Amino acid sequence: MMARVVSPALTASIQASTRVPAIAVSIEDHILHYQSYQTPNAADGWHDACLASDGSIVRVRLTRGSNMYAQSLQWQRITDPSNASQWTVWTTLGGASTTCFGDGGCAISNNNGVLRAFVQQGSGSGVLWTWSSSDNGQHWSATPGTVLTPPSNATLLGMGSAGNNDIFFLYQLSSGVLTGCSFFSGSSWSALRTTTLSALSYGAGLSAYWDGQSYWLVFSDGTTLYQSSYTPATTNWQGYPVIVPASGNAILRRAPCLRYDTSTGRYNLTCIEADSGSLTGAVYSYPRLRQSADLKHWSQGSILHSISAQYGTCFLSLPTGNLLISMSSIRRAESYSQSSQRYQDCSAAVISYRREEQLGQPGTLELELDNNQGALMAALSQSGSTRPIGPNCSVVVREGYHTGNPPGVGETVRVGTYRIESIELRRTAGTSRLRLLCRDLTRQLDLINRFQLTYVGQTLGWLLSEVCARAGLFAPVLPGASSQISQSVPFFVLPAGSSYRTALNELCQLYELQYFLDQDEVLQFCDLSSTSAASWSYRSELELLTFGQHEQMSNHIIVTGKPPVSATATALTTAEVYDDVQMQWSGQERVMQHVDQKLLTAAQCASKAAFLLARQQRAQSQHQIRVPQNPQHQLLDVLTIADQPIPTGTGQSSTVRIMRNRVVYDAPHAEFSASLELQGV
């Protein structure tokens, strides 16, 4: 961890005997509000969509009827998504009228300008067919080409193309359902390549994404959502922990669709969830939308209850917004832009605020804005008519001072991003104010995990990333130099009905990691070191100083892990550490016994014991200071503080670490200060 970077000019202003504060506060709506866009009300069925090189949307669909082996594959081209009539016109591909298998799924992709559509033949040998278009879907090949014939004329149970002249599919044999693929070389399709991973019991859809080196595959057996990858250069198939495990047969999952969102830089995964009523008593079939930053760790996501579908919802990222496309309806979310609909600069309206940061808890912000003559009323969001000041919108706070001699231009540093939880309008005679109560994004760690997940033999770093992603906190920063991150955790359960924070805290306590959310909404994990360099020194700036020395609670730590396998009944995996200096100083032995079955070796126990002792030693020193607010500081930064010598001061000095930070900005009372709670390093 490092302190925030501030310029030399701002550093000089912070250290000056007099300072002129500079504050900037903006409220930004980065939420993707999926609202009703088109309602073609077409019959539900397997379908897929892609973007052509000219920006048009090209779709394919399979009709449905009583004879699943005599369905048709149809296509549609949409050049103006706002034109409702373009969403209703379908044309049957040449040779695809009542000749296709209706339950095998279909696929379409843009392969460097060439569109390819895929479906399985409905009768005969069950050939995998393909059509192509070289003019952005305006015209298609008159008859289908052959990719390959599945082994034993197997039926296909889902297919997807990543747009790299490829096709992936699930095919059913008597031994189970396997993943297969084929690639176009420029003149012909390759022979079947088959996964080396275990077979599924059934297939209910597949989607593929190409990252430039590997294909990422998401597929379903009807109840479980699986993930794997395939690297053509090494022909290596790699399996990953399931995205969502089965809940018996209560919830069905089918038709996954994996796409990249250019507006957020996240991967999006839609999948139909259906309940016959056996689990919840409710009967439904709607999509759930999940996100990922790395294609390995996925959020719990959110349902799209307003879309009723059984055979998939396609996600498309357009330059101006995202589309969620089902056969019956299309919903659209506009991309973020710094417009009056999504952005409000409130800097001039700030009367006061208080913000607080502490480890392991969401940061908080209480912001009071001047709403004289209803100046901010037009920026208040309403359901169906979104504006910047609304639930879960971002409040970005920047702090600093005017720089130069004399102080001229205000220079600020981003110090926090918070999400609005409460909006209060306050009016008295002659005054009107808007009060916002906010917490940072780590509030999502307090959400409840719905389905139990079990992990075996994953590293601590992998598990931290997994729990964070489940809560919707992507790409956390892990301490790269820490050997603890690579330690294997033999068994870990993320229980249903428990919060993500409970699971995250359990993992962090393994090796005493600390975490907090930085100003850019990135979750930072830190492995505290007593050799960390100080980023700032305080002497004359100290407005209030409290030095605290507390008795060390424990000076003898005993850590016991999981007993060794194939050992005697009395064998233990254990380690001990001592603080001899503190024992001699206090004249007492204070023992802490700690048991953790996730520790497998004596070395791991010794490491944990050392971390526990370091925590006890740090807690001996508890200091508090109040200083002029310094935007460079963030949690866990190391400072040095030195009081004035006796008789005017205490003459004490110490190297300390920030554990809690309370900042107050109050323009009417000319206050801009920080109260820091500090601990030994």
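Predicted, not measured: the structure shown is a model, and the values here were computed from it.
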Heavy-atom closest pair (Leu445 atom, Ser499 atom, distance to 0.1 Å) is O-CB, 3.7 Å
First locate atom NE2 of His669, then atom OG of Ser352, and finally report the distance between them rounded to the nearest 0.5 Å.
9.0 Å
Run the ring pair (Phe, Tyr, Trp, His ring centres under 6.0 Å) test on Tyr240 and Trp216 for me, step by step, so that the C-alpha distance in whole Å, both residues' side-chain angles and the decisive distance to 0.1 Å come before the verdict.
CA-CA 10 Å; Tyr240 297 92; Trp216 293 84; 5.2 Å; yes
Polar contact flag, side-chain donor to acceptor under 3.5 angstrom, Ser85-Thr88
no
Tightest non-hydrogen contact, residues Gly390 and Ile423, listed as CA-CD1, 4.0 Å
Nearest heavy-atom neighbours spanning Ile23 and Thr412:
N-CG2, 4.4 Å
With side chains defined as the heavy atoms from C-beta onward, is the minimum distance between Ile351 and Leu369 less than 4.5 Å?
no
Under the side-chain hydrogen bond (donor to acceptor under 3.5 Å, both in side chains) rule, what do Trp536 and Asp637 come out as? Steps first, then yes or no, please.
CA-CA 9 Å; Trp536 199 272; Asp637 283 354; over 6 Å; no
Short question: side chain of Arg501, backbone of Gly360 - any donor-acceptor pair under 3.5 Å?
yes
Determine whether Lys296 and Glu466 satisfy the following criterion, salt bridge (Lys or Arg N to Asp or Glu O under 4.0 Å), listing intermediate values before the conclusion.
CA-CA 8 Å; Lys296 297 178 182 178; Glu466 173 73 2; over 6 Å; no
Give me the ring orientation class for Tyr665 and Phe672: parallel if the planes are under 30° apart, tilted from 30 to 60°, perpendicular past 60°.
perpendicular
OG-CG distance between Ser675 and Asn661, expressed to the nearest 0.5 angstrom
8.5 Å
Check this for me: Gln373, atom CD, are more than 12 non-hydrogen atoms of other residues, nucleotides or ligands nearer than 6.0 Å?
no
For Arg332 and Gln35, run side-chain hydrogen bond (donor to acceptor under 3.5 Å, both in side chains): C-alpha distance rounded to whole Å, both residues' side-chain angles, the deciding distance at 0.1 Å, then the answer.
CA-CA 5 Å; Arg332 180 178 182 273; Gln35 300 177 344; over 6 Å; no
Check the pair Trp46 / Tyr311 against ring pair (Phe, Tyr, Trp, His ring centres under 6.0 Å), numbers first and verdict last.
CA-CA 5 Å; Trp46 289 99; Tyr311 298 99; 5.6 Å; yes
With distance as the sole test, does Gln86 use its side chain to make a donor-acceptor pair with the main-chain N or O of Thr79 at under 3.5 Å?
yes
Indicate yes or no for a side-chain donor-acceptor contact from His402 to the backbone of Val20 under 3.5 Å, with no hydrogens or angles considered.
yes
Between Tyr515 and Asn505, is there a side-chain donor-acceptor contact under 3.5 Å, judged purely by atom types and distance?
yes
Start with the C-alpha gap between Ser329 and Ile307, add the side-chain angles, then the distance that decides, and say whether side-chain contact (heavy atoms from CB on, under 4.5 Å) holds.
CA-CA 7 Å; Ser329 64; Ile307 298 178; 4.2 Å; yes
Whether the Asp345 and Ser347 side chains hold a donor-acceptor pair (N or O, under 3.5 Å, no angle test) is what I'd like checked.
yes
Can Arg77 and Asp54 be counted as an ion pair, charged N to O under 4.0 angstrom?
yes
Evaluation steps, side-chain hydrogen bond (donor to acceptor under 3.5 Å, both in side chains), between Arg266 and Ser292
CA-CA 6 Å; Arg266 299 278 185 259; Ser292 173; over 6 Å; no
Under a 4.0 Å threshold between the charged nitrogen and the carboxylate oxygen, would Asp48 count as salt-bridged to Arg259?
yes
Does a donor on one side chain sit under 3.5 Å from an acceptor on the other, for Arg387 and Gln341?
yes
Can you name the nearest heavy-atom pair linking Pro40 to Ile330, along with the distance?
CD-CD1, 3.4 Å
Between Asp520 and Val522, is there a donor-acceptor pair closer than 3.5 Å when you use the side chain of the first and the backbone of the second?
no
What pair of heavy atoms forms the shortest contact from Ile14 to Pro631, and how long is it?
CD1-CD, 3.8 Å
What is the distance from atom CG of Leu304 to atom CZ of Arg288, rounded to the nearest 0.5 Å?
9.0 Å
Please determine whether side-chain hydrogen bond (donor to acceptor under 3.5 Å, both in side chains) holds for the pair Asp518 and Gln524, giving the CA-CA distance in whole Å, both sets of side-chain angles, and the decisive distance to 0.1 Å.
CA-CA 7 Å; Asp518 72 9; Gln524 301 279 349; 3.0 Å; yes
Determine, stepwise, if the pair Tyr267 / Trp298 fulfils ring pair (Phe, Tyr, Trp, His ring centres under 6.0 Å).
CA-CA 9 Å; Tyr267 301 95; Trp298 291 92; 7.2 Å; no
Within the distance-only criterion (no hydrogens, no angle test), does the side chain of Arg626 pair as donor or acceptor with the backbone N or O of Glu543 below 3.5 angstrom?
no
From Asp29 atom CG to Ile389 atom CD1, the distance as rounded to the nearest 0.5 Å:
11.0 Å
Basic-acidic side-chain contact under 4.0 Å: Glu366, Arg354
no
Separation between CG (Leu639) and OG (Ser535), nearest 0.5 Å, reads 5.5 Å
Report the C-alpha separation of Glu521 and Arg419 in whole Å, then their side-chain angles, then the decisive distance to 0.1 Å, and conclude whether the salt bridge (Lys or Arg N to Asp or Glu O under 4.0 Å) test is met.
CA-CA 10 Å; Glu521 295 192 313; Arg419 300 301 182 99; 2.9 Å; yes
Please name the residue in the list Gln361, Gln444, Glu421 that meets the side-chain hydrogen bond (donor to acceptor under 3.5 Å, both in side chains) test with Arg439.
Glu421
Determine whether Arg342 and Glu28 satisfy the following criterion, salt bridge (Lys or Arg N to Asp or Glu O under 4.0 Å), listing intermediate values before the conclusion.
CA-CA 6 Å; Arg342 312 296 290 271; Glu28 306 169 6; over 6 Å; no
Are side-chain N/O atoms of Ser317 and Thr262 paired as donor and acceptor at under 3.5 Å?
yes
Taken to the nearest 0.5 Å, the spacing of Gln227 CD from Phe219 CZ works out to 8.5 Å
For Gln38 and Ala84, work out which heavy atoms get closest and say how close.
OE1-CB, 3.2 Å
Main-chain N/O of Leu51 paired to Asn110 side chain as donor or acceptor, under 3.5 Å:
yes
Ion pair Arg355/Glu357, N-O distance below 4.0 Å:
yes
Test item: side-chain donor near acceptor, Gln519 and Arg414, under 3.5 Å
no
